[in-house]
Amino acid sequence: MTDQKGPPPQDRRERRVRSSKIGRQLKRLYDDVINEDVPDDFLKLLEEADKKRSSSEKT
Amino acid sequence: MAEQQDHVNGEAFKRELTGLVPQLRAFARNMCGNPAMADDLAQEAMLKAWKSRESYKPGTNLRAWVFTILRNHFYSEQRRAWRSQPLDQEVAESTIMATDDPSAPLEVLALRNALQKLPDEQREAVILVGAGGLAYDEAAAICGCAVGTIKSRVSRGRRSLEEMLNDGSTGFSDDDTVRAGDAFGDIMAEAAALQRTP
């Protein structure tokens, strides 16, 4: 591990580049999931829940 | 001003909630790392949202309302005493295995790993704002904190991610010319070499 007083100018520029690169990559992580097909479980979930609810009334 | 409904229209609510599923899954997946765990979490959040739909005010931000439910559930699951394995270990194992795409840049894998190493409150802020593109105040509402707090968590989180990716502490290099498939060859060669040394 090196001891640095502060990043040299080039490192600061790189950090800025990386931070937008990281931003794009983060967005990709998120969007990749959004673009996945929704598993059937999810689609059936609320139908099942609705059936159960109507068979047992809430007080 | 339009009259507000006294109660939630079930069918409309169901449609809106179903429309949020991709985003719920995305939030859960990036919070947990583990796809199966994330989907369980998202489904449980959907059920909770459905069961407590009477407490949702029609016309208000449904996404924020449901994301809050998901977030609360995430944290209450974490607190459960019966977790036999430490969260980090499970997450690390399944995160690495979760990649089906051999052409995925190593840097994406590195980022995924790094994300799981962030403290929860930074990770959720970075995911909501940085990855999900939510506004600061929506993220603050979901996380139950001030906008300034979210801003500082996002900025600290991103800085930590950069540092982790720079110093290779996620176990992957930041070199974007390397592809996962190529890297596996290198890793296997290294492993073989290590096994040969006593």
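These numbers come from a predicted model, not from an experiment. Proteins come first, then strands; the chains are lettered A, B, ... in the order of their sequence lines, and each starts at number 1.
In this structure, CD in A:Glu47 is found 8.0 Å from OG1 in B:Thr18, a value given to the nearest 0.5 Å. Summarising the geometry, atom CD belonging to B:Gln43 is positioned 5.0 Å from atom CG belonging to A:Asp41; distances are rounded to the nearest 0.5 Å. The structure places CG of A:Leu46 at 12.5 Å from CZ of B:Arg15, a figure rounded to the nearest 0.5 Å.
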side-chain contact (heavy atoms from CB on, under 4.5 Å) between B:Leu115 and A:Leu26, worked out: CA-CA 9 Å; B:Leu115 204 53; A:Leu26 283 169; 4.0 Å; yes
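Of all the listed residues (B:Asp39, B:Leu24, B:Leu17), the one sharing the greatest number of non-hydrogen pairs under 4.5 Å with chain A is B:Asp39.
Nearest approach of A:Tyr30 to B:Gln23, heavy atoms of both residues: OH-O, 3.7 Å. In terms of heavy atoms, B:Arg158 sits closest to A:Ser20 at NH2-N, 4.3 Å.
For B:Ala42, the parts sitting under 4.5 Å from any heavy atom of chain A are the backbone and the side chain alike. There is no contact between A:Asp32 and chain B, counting heavy-atom distances below 4.5 Å. The part of B:Arg29 that comes within reach of chain A is its side chain, from C-beta onward, which places non-hydrogen atoms under 4.5 angstrom from that chain.
B:Ile69 and A:Leu45 fall within the same hydrophobic cluster, defined by Ile, Leu, Val, Met, Phe, Trp and Tyr side-chain heavy atoms under 4.5 Å apart, directly or through other members. Under the 4.5 Å side-chain heavy-atom criterion for ILVMFWY residues, no single connected hydrophobic cluster contains both B:Val147 and B:Ile127. Hydrophobic clustering (side-chain heavy atoms under 4.5 Å, transitive across Ile, Leu, Val, Met, Phe, Trp, Tyr) keeps B:Leu118 apart from B:Tyr136. Hydrophobic clustering of Ile, Leu, Val, Met, Phe, Trp and Tyr side chains at less than 4.5 Å, counting indirect connections, keeps B:Met31 apart from B:Ile150. Residues B:Leu128 and A:Ile22 fall within the same hydrophobic cluster, defined by Ile, Leu, Val, Met, Phe, Trp and Tyr side chains chained together at heavy-atom separations under 4.5 Å.
Between B:Pro22 and A:Val33, every side-chain heavy-atom pair lies at or beyond the 4.5 Å cut-off.
Electrostatic pairing of A:Arg28 and B:Glu107 does not count as a salt bridge here, judged by no charged N lying under 4.0 Å from a carboxylate O.
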